[in-house]
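The structure appears right after this line, and notes come after that.
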Amino acid sequence: MPELPEVETVRRGLSPVMEGRVIEHAAINRPNLRFAFPDRFRERLEGQTVTALDRRAKYLLAHLSGGETLLMHLGMSGRFTIVDEAGESGANTPGAYSHPAGDQSKHDHVIFRMSGGVFLIFNDARRFGFMTLFASAGGDEATPFLSGLGPEPLGNAFSPAHLDCALAGKRTPIKSALLDQRVVAGLGNIYVCEALWRAGISPKRLARTIPGTRSARLVPVIRDVLNEAITAGGTTLRDFKATDGALGYFQHSFAVYGRESEPCRKPECGGTVSRLVQAGRSTFFCAACQR
DNA sequence: ACCACTACCTGAAGGC
DNA sequence: TGCCTTCAGGTAGTGG
């Protein structure tokens with residue numbers, strides 16, 4: 001599910017039911033997701049007010065009044081659902097908040113009850129997601145999950161000059177380099193494929209051949225594709241939903257992703273989309289117009 | 001230091 | 001119907 005546009009869609013959905021509210025109860029239904037939850041996780045969350053909900057790359061960051069920040073990653077299958085009304089089964093009773101509606105849904109691993117009676121349900125079938133806490137005062141350096149990240153692709157620090165520098169000398173294919181969160185933070189498999197198609201750059205080209213005119217082409221199309229996807233509410237491939245259940249619709253705008261053996265959408269190109277595997281991930285591209 | 005590859009986990013989809 | 005294989009939006013860790 002979640003690359004930057006999907007995470008941003010989730011952030012926008014959660015923001016009104018998290019910011020300024022207190023985490024009254026936190027149900028942690030298993031000891032770990034991808035990693036173990038931190039010590040005393042529930043106790044450190046309960047009673048805290050969420051002062052702001054931010055996104056950094058594909059991470060959601062809930063800043064807490066007590067000086068810690070809750071870091072959340074959706075992995076491949078993580079999703080948040082907002083449930084407004086508590087079920088009839090005494091959700092106000094301490095200990096009875098495991099699931100608001102009682103319809104035990106598999107893989108509902110973490111449930112927050114916020115002040116105002118709203119439940120936030122984190123469901124993650126594959127458990128590649130994770131949550132942890134770190135000291136807010138330390139900033140990005142306070143957690144290894146953030147400390148090595150490259151710039152936000154929609155921010156000012158992401159520029160052709162930055163890309164030139166980050167890609168210089170790299171012998172890995174540009175496709176893999178753009179998936180490296182140290183180069184630029186937030187791209188995933190879909191948007192890298194789409195951006196390379198827009199820039200007319202072959203995914204097989206070595207990263208070190210990009211600096212210069214190709215970087216200058218790449219930076220604006222990366223911004224464009226992410227902005228368009230955010231506007232579309234992200235991409236729904238099989239199960240991504242916003243917190244209110246809305247489906248993303250950027251998948252209808254794909255030029256190459258998932259379109260193997262279909263015609264290239266570039267006018268006059270006449271090529272066919274092909275698929276290859278790079279670093280264990282599918283790459284979709286048009287060999288005719290991507291050089 | 002770089003880079004490629006595997007592991008982590010479940011579920012959906014396709015072939016037989 | 002059911003069993004088997006393959007594939008999936010990510011990233012930490014390992015080993016060459």
Side-chain angles (χ1 to χ4, degrees), chain A residues 1-11 29-37 55-60 71-80 105-109 122-132 143-150 153 165-196 203-208 222 225-226 228-230 232-242 247-254 256-261 275-284:
Chain A
M1 154 186 128
E3 303 183 34
L4 187 153
E6 291 73 38
V7 178
E8 178 60 20
T9 298
V10 171
R11 191 197 67 76
N29 295 333
R30 49 176 300 124
N32 63 293
L33 291 171
R34 179 170 180 184
F35 307 113
F37 290 111
R55 178 191 56 72
R56 171 77 171 103
K58 303 172 193 174
Y59 295 94
L60 291 168
L71 174 149
M72 300 175 280
H73 194 288
L74 304 178
M76 292 279 261
S77 54
R79 25 182 150 152
F80 273 99
S105 173
K106 225 174 161 186
H107 310 307
D108 286 353
H109 305 309
F122 179 75
N123 180 290
D124 184 5
R126 296 178 72 180
R127 305 203 303 274
F128 288 174
F130 51 91
M131 295 188 188
T132 194
T143 171
F145 295 113
L146 303 181
S147 62
L149 291 177
C165 187
L167 299 178
K170 274 187 160 314
R171 295 169 185 277
T172 198
I174 184 62
K175 161 72 189 315
S176 304
L178 292 175
L179 285 175
D180 183 342
Q181 304 294 298
R182 296 168 299 183
V183 170
V184 55
L187 296 178
N189 208 32
I190 292 175
Y191 299 109
V192 166
C193 291
E194 294 297 311
L196 287 172
K204 294 189 273 192
R205 178 175 280 285
L206 293 191
R208 62 174 177 178
I222 287 172
V225 75
L226 295 176
E228 289 170 30
I230 290 170
T235 289
T236 296
L237 281 190
R238 51 182 61 75
D239 54 10
F240 172 70
K241 289 180 179 152
L247 302 179
Y249 55 90
F250 190 75
Q251 64 278 10
H252 303 301
S253 302
F254 287 171
V256 287
Y257 190 86
R259 297 191 62 244
E260 184 178 14
S261 53
R275 184 181 90 100
L276 77 152
V277 174
Q278 294 178 288
R281 322 273 321 263
S282 286
T283 298
F284 297 90

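By convention in this document, chain letters (A, B, ...) are assigned in the order of the sequence lines, proteins followed by strands, and residues within each chain are numbered from 1. These figures come from a predicted structure and were not determined experimentally.
Put simply, A:R34 has no side-chain N or O that comes within less than 4.0 Å of OP1 or OP2 on C:dT11. Under 4.0 angstrom from either OP1 or OP2 of C:dG10 there lies at least one side-chain N or O belonging to A:K58. Distances shorter than 4.0 Å separate none of the side-chain N or O atoms of A:Q181 from OP1 or OP2 on C:dG10. For C:dG9, one of the phosphate oxygens OP1 or OP2 lies less than 4.0 angstrom from a side-chain nitrogen or oxygen of A:Y257. At the phosphate of C:dG9, OP1 or OP2 sits under 4.0 Å from a side-chain N or O atom of A:R281.
Nearer the 5' end of DNA chain C, as judged by each residue's closest nucleotide, is the contact made by A:F284, out of A:F284 and A:H73.
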TODO: Test A:L33 against A:F37 for side-chain contact (heavy atoms from CB on, under 4.5 Å), laying out the working first.
DONE: CA-CA 7 Å; A:L33 291 171; A:F37 290 111; 3.6 Å; yes
- [ ] Evaluate side-chain contact (heavy atoms from CB on, under 4.5 Å) for A:L4 paired with A:I230, printing each intermediate quantity in order.
- [x] CA-CA 8 Å; A:L4 187 153; A:I230 290 170; 4.0 Å; yes
TODO: Check the pair A:E6 / A:L74 against side-chain contact (heavy atoms from CB on, under 4.5 Å), numbers first and verdict last.
DONE: CA-CA 10 Å; A:E6 291 73 38; A:L74 304 178; over 6 Å; no
TODO: Apply side-chain contact (heavy atoms from CB on, under 4.5 Å) to the pair A:F35 and A:T132, showing each step before the final yes or no.
DONE: CA-CA 9 Å; A:F35 307 113; A:T132 194; over 6 Å; no
Task: Derivation of the ring-ring contact (aromatic ring centres under 6.0 Å, His included) call for A:F254 and A:F284 - done: CA-CA 10 Å; A:F254 287 171; A:F284 297 90; 9.1 Å; no
Open item on the list: Could you write out DNA chain C as dot-bracket? Rules: Watson-Crick or G-U wobble, both distances under 3.5 Å, brackets [ ] for crossings, | for pairs with another strand, dot for unpaired.
Closed with: .|||||||.|||||||
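Residues passing the side-chain contact (heavy atoms from CB on, under 4.5 Å) test with A:K58, sequence neighbours excluded: A:V7, A:H73, A:Q181.
Considering A:E3, A:K175, A:Q278 as possible partners of A:N189, the one that fulfils the side-chain hydrogen bond (donor to acceptor under 3.5 Å, both in side chains) test is A:K175.
One atom, CD1 of A:I190, and another, P of C:dG9, lie 7 Å apart when rounded to the nearest Å. Following rounding to the nearest Å, A:N32 (CG) and C:dT11 (C1') show an atom-to-atom distance of 16 Å. Whole-Å rounding puts the A:Q278 CD to C:dC7 P distance at 16 Å. Note: CZ (A:F254) to P (C:dG9) measures 10 Å, nearest angstrom. Note: CG (A:L146) to P (C:dA12) measures 10 Å, nearest angstrom.
Within the nucleic acid shown, A:G188 comes within 4.0 Å of sugar-phosphate atoms alone, with no base atom in reach, counting heavy atoms only. At a threshold of 4.0 angstrom between heavy atoms, the contacts of A:Y59 are confined to the sugar-phosphate backbone, with no base atom among them. Residue contacts for A:F35: at a heavy-atom cut-off of 4.0 Å it reaches the sugar-phosphate backbone alone, with no base atom in range.
Note that the first and last nucleotides of DNA chain B, 5' to 3', having any atom under 4.0 angstrom from a heavy atom of chain A are B:dC3 to B:dG11.
Among all heavy-atom pairs drawn from A:M72 and A:F80, the shortest one is SD-CZ, 3.6 Å.
Evaluation of the ring-ring contact (aromatic ring centres under 6.0 Å, His included) test over residues 167-196 of chain A, restricted to residues two or more places apart or in two chains, returns A:Y191-A:F250.
Using C1' as the reference atom, B:dC3 and C:dG9 are 23 Å apart when rounded to the nearest Å.
Of the residues in residues 125-132 of chain A, those lying under 4.0 Å from DNA chain B by heavy-atom distance are A:A125, A:R126, A:R127, A:F128. For DNA chain C, no neighbouring residue in residues 170-180 of chain A is found when judged by any heavy atom under 4.0 Å.
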